Amino acid sequence: MTAPPGSNGLRRLLTMALWSAVAAALLQLHGPQLHGIWLVALTAPAAVLAAWSPGPAPRWRRVPFTAVLQLLLVLLALRLSGPLERPAALAGTILPPLGFVTVRRRDTDCALASFLAFCVLLVGAIIHGGADPWLIGLFVLGSALVLRLEARLALLSLTVPAPPAPLRRQLGGGLLLAVACGLCALAGVRALELLPAPSRANRGAGDAGAGQRRIGLGDQFALGGAGAPLNGSNERLLRVVAADHRPLPDDMYLRSGAFDLPGVDVWTASAVTLQRHDPTDGPWQLRTPVAGVPLRRLELQAFGRATGLLPLPPGTCTLRAPMAIVGDPQCEYFRPAPGNSVVTFAVTCQDLQLAVRTRTPDPLAALTALPPEFDRALLQRLLRQWAPGPLPAQELADQITRGLWSRCSYALREPTGPHGHALLDFLDGDRTGYCMHFAAAAAALLRLRSVPCRIGVGLYGGEPDSQQPDARTFGTQHAHAWVEIPFAGCGFVVFDPTPALQRGAALPLDPPEPPRTNTDASGPVTDRSAWSQAGSLLTSPWPCLLGLLATAIVAVRPGRPHRRRQRAIVPELRPARRWLLRILAELQQRGLGRGPGATLEQYQQQLGAVAADARLPAAFAAYQEVRFGALPFDGDRQARMATALAAVQALPRLPPQLPA
Amino acid sequence: MATVRSTIELTVRGRVLLLLATLATTAAWLTGDVDARLAAGLLAAPLFVDFVAKPRRLERVRVHVVRRRTVAGAPFVDQVELRNEGDRRLLELRLLEPRTSAPGGGALLDRLAKGGVAMLPLPARGQQRGRRCERTFVLHSSWPFGFLRSRAVLTIAAELIVEPARVPLSPQLLRAADDQQTGQRDARTLPGPEFHSLREYRLGDDARRVHALRSSTLGSLVTVTWHGNVPRSVGLVLDLRRPPGRSPRRGGARFEWSLSAAATLLEMLRAQDATVHAVLLGNAADQLTIAASAEEQQFLALLAAAAPTAHQSLPAATWAGLRRCEQVYWLAAGGHRATDALALGTRVTLVGGELP
């Protein structure tokens, strides 16, 4: 493609944008499954092949050189990082063409490279169980700029002469479009949740397919286990309504079970002492509310299989249900009484995560035990690395969380490795896993430092309810596992080691907050609720869909024609136009006015006998030469206009009609 | 009154992207998978932005261009005035005239503000001889991403005369007139006209005859008068009639060449100040005495609009004017045999053929 003049800046900008989009895609793909050495091995040879400028050497010599380079790099990657797993190998097949077209950048290579980068980004998101929003933002920014600048360059190459391409304006416009693309992508992803997907329809208990996300909520918490009651996906389980009409947090936990007896890969629940509570007894007072912490009133409505589970938010103070309930308030375990099922119930609860920051965990010896078959050496090594020295329980939990986030990555698949145990493979194998592995690892590490804890399971996050603004809906897709630490007077408080982005809701990927005192806890919580409410409202599916539709309607609305008549007045034309207007005015005064819409040529014909004098056509011609011929209004043309004006002024005044 | 047609259409890359976005959306619908939703959102976003930001209602752009006279095959640049009467600004407008613009060519206007006016130089080339009273321009914009193209076809009243292309003629053609010269002969050996005198420029004179050096010296336009050994009065007959029974589809190349030869011959004769009595034999015999530039332009315009006609006999009075000419050039453009030329009784040179 021949470069149009003045397009070098655009080309440089295009190159930078393309590289940023490709880099974002490669960073998304980079991870434990596909290390950096593999990325280099799969992209570098093709890039070298594309960058090899044609010289006197024949082209076929590049191929063996590139093949040898590819072979050496693959051997190096095999030695340093080991073989690739199947999904990573599949992703690796896209990388050579991506490297080739990114470096070559000929004709439509940039658009093709953007598309390949998109494929790489998507595969990376699939492999790692989610996409990094910052990387997606960088990719959208880069690829939108690539599309814009490539379209501009293609247009410039078609038209000769090409107009100048002001770089700053192109960059500013491209960035605006990139931001618009990002917002539209976000709105589109959210709006697509409204599609009545066949797979999201309510299913029966036996519909769950094998291989879907599993959360053990039965009698045991089994890593890699099957047959748990929440198997399946996208089945609606629960609706939580804020009876106090305050917005519900989007990081809400609902516990349906807990496990405190550890194993290497299986945690089980100890025996509970069940008490029975009938509706006639009034609300069941489970705990005295903690002073200074806001008390929430919630109404919960269960659907399907959740009618037999009775999930409650941690920090529940009172429970009121229209049927008999059995439960153990010490363990915070509750179920409908045998023969009953619960549909609606109400609770009062407190969010105690901030309130317990300065407290010491309840020293329950039963919650610090570890099985003897645990590889304590590995766990101790990790603890020394992440949290050297004695630390308060909350700070230790935060350090363990940071360590897990840096060492392990989230993926919805079982970890693999040399140990043969899911937990050890998660920590020392391929270091991938999901919330159950994060929770089990964190609980084991906490217990190793004698911090009492257990694993809680249930639902997390939920989605804003499409029918009720003060409500959130939970389904099986929101199943989650976390760690709970007991505090005297507060009960079991949630501590979640799973990366925030992968907890089932689109939460920001922030590290754990530093400890706060009770005195400053209430203010930020209130502010966050307001922002959270606005954010959740704007990013919920219906506003997104309505926003997209409104934008499209505004874009295609029939507008009114612009009424303001603006003449083509270029500076060179102004004196010629002034002379012409004077001539026309003189003709008008003499009854020889121009008809509406008549061009100068038509007017000249209308004038007939007057125009037969060559001075008037010469003046008209001078004006047309300046207007359409881009010739200067020089002395000669001005003289012609002046002569014509004098000739017209010498004409007698006629009746107001044109001569026949 | 201008007529317009306006559409928004998908480009090739737009079709591909729409297909991919549709597939991803279908996958997201069927599976409810988050990654499929992400893919659909990322694929559909640029398409949506392109659709929303696309400059629309290009039909509200008023195009104005002055009448144009050119020669077939000759490049020229039209100054096209574009006035945006729509309610939003237009970006990256590409203007072309399919009849005269090169494939993939046209002119690019970066932006046209709401209510704004711009003059756009449009490179063009008259591809085919003809005379048209209206011109059709295509205005389109692919801004910003090029997945969709907004397009308007604007037809406006503006005359475009594309004269026949000039063709090289055999030098013997003018020498034929020399050989048959009845006037005073001289001893010149070089063919062609010679310089005679200078005179002041008159309105309508051919600009090519302006003597540049003398004009700059005197400060006013001066033209050259040539005097040659060519006849002062020449007849030029262009016979547009087809032979009886010949299909209208045949003889197109010969017809065009004859028109081009007539235009070339006329220019050559006029360059030597000859008065040309031109006759177009078609459905009627259009006769024109060409002694000035305006009449020459008129005849060339007739040539631009000429078309073959069916054969019909012509009255003898048609030849009355030609009989006074010292020399007659006969071009049988339609292919009819020039038997009528025999009735002229004067010197007839058949251009592009031989007399029967």
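Residue numbers begin at 1 in each chain, while the letters A, B, ... track the order of the sequences. Keep in mind it's a predicted model, so treat the numbers as computed, not measured.
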For this session: Any chance you could measure K114(B), atom NZ, to R60(B), atom CZ, to the nearest 0.5 Å?
Result: 12.0 Å
Exercise. Should the heavy atoms of other residues, nucleotides or ligands under 6.0 Å from CD of E200(B) be counted, would the total exceed 12?
Worked result: no
Problem set entry | Among the listed options L548(A), L186(A), D636(A), the residue most often paired with chain B at heavy-atom distances under 4.5 Å | L548(A)
Exercise. Does S150(B) reach the main-chain N or O of S141(B) with its side chain, forming a donor-acceptor pair under 3.5 Å?
Worked result: no
Exercise. Which of residues 41-52 of chain B get closer than 4.5 angstrom to chain A, counting heavy atoms alone?
Worked result: G41(B), L42(B), L43(B), A45(B), P46(B), F48(B), V49(B), F51(B), V52(B)
Exercise. Which bit of R111(B) is near chain A, if near means a heavy-atom gap under 4.5 Å: side chain, backbone, both or neither?
Worked result: side chain
Let me have the donor-acceptor pairs involving side chains of residues 14-25 of chain B, under 3.5 Å, with sequence neighbours excluded, atom names and distances please.
residue : atom : partner : partner atom : Å
T22(B)  : OG1  : L18(B)  : O            : 2.6
T25(B)  : OG1  : A21(B)  : O            : 2.7

For this session: Output yes when D110(B) and R152(A) qualify as a salt bridge under the 4.0 Å nitrogen-oxygen rule, no when they do not.
Result: yes
Problem set entry | Largest heavy-atom contact set with chain B, pairs under 4.5 Å, which of T551(A), L149(A), V554(A), L121(A) | T551(A)
Exercise. Within the side chain of R94(B), is there an N or O that forms a donor-acceptor pair under 3.5 Å with the backbone of G105(B)?
Worked result: yes
Exercise. For A113(B), does its backbone N or O pair with a side-chain atom of N84(B) as donor and acceptor, under 3.5 Å?
Worked result: yes
Seminar exercise, completed: Turns out that what part of E150(A) lies under 4.5 Å from chain B's heavy atoms comes down to side chain
Problem set entry | Contact residues of residues 292-301 of chain B (partner chain A; heavy-atom separation under 4.5 angstrom) | none
Exercise. Where does L183(A) contact chain B at under 4.5 Å (heavy atoms): side chain, backbone, both or neither?
Worked result: neither
Problem set entry | For chain A, the option from A39(B), A53(B), A40(B), A36(B) that forms the most heavy-atom pairs under 4.5 Å | A39(B)
For this session: Mark yes or no for whether T643(A), through its side chain, and R615(A), through its backbone, hold a donor-acceptor pair below 3.5 Å.
Result: no
Problem set entry | Heavy-atom contact with chain B under 4.5 Å, split by part of I136(A) | side chain
For this session: Go through the atoms of L122(A) and report whether side chain, backbone, both or neither lie under 4.5 Å from a heavy atom of chain B.
Result: side chain
Exercise. Under a 4.0 Å N-O cut-off, is there an ion pair linking E92(B) with R148(A)?
Worked result: yes
For this session: With a 4.5 angstrom heavy-atom cut-off, could you sort out which part of R67(B) is near chain A: side chain, backbone, both or neither?
Result: neither
Exercise. Do Q28(A) side-chain atoms and V120(A) backbone N/O form a donor-acceptor pair below 3.5 Å?
Worked result: no
For this session: Please report the closest heavy-atom contact between F145(B) and R13(B), naming both atoms and the distance.
Result: O-NH1, 3.6 Å
Seminar exercise, completed: Applying a strict 4.5 Å limit to non-hydrogen atoms, the region of A111(A) in contact with chain B is side chain
For this session: Just jot down the side chain to side chain contact (heavy atoms under 4.5 Å, CB included) partners of V210(B), sequence neighbours excluded, or say none.
Result: Y201(B), S215(B), L221(B), T223(B)
Exercise. Do side-chain atoms of S101(B) reach the backbone of A124(B) as a donor and acceptor pair under 3.5 angstrom?
Worked result: no
Problem set entry | Identified side chain to side chain contact (heavy atoms under 4.5 Å, CB included) partner of R135(B) from the options R68(B), R99(B), E159(B) | R68(B)
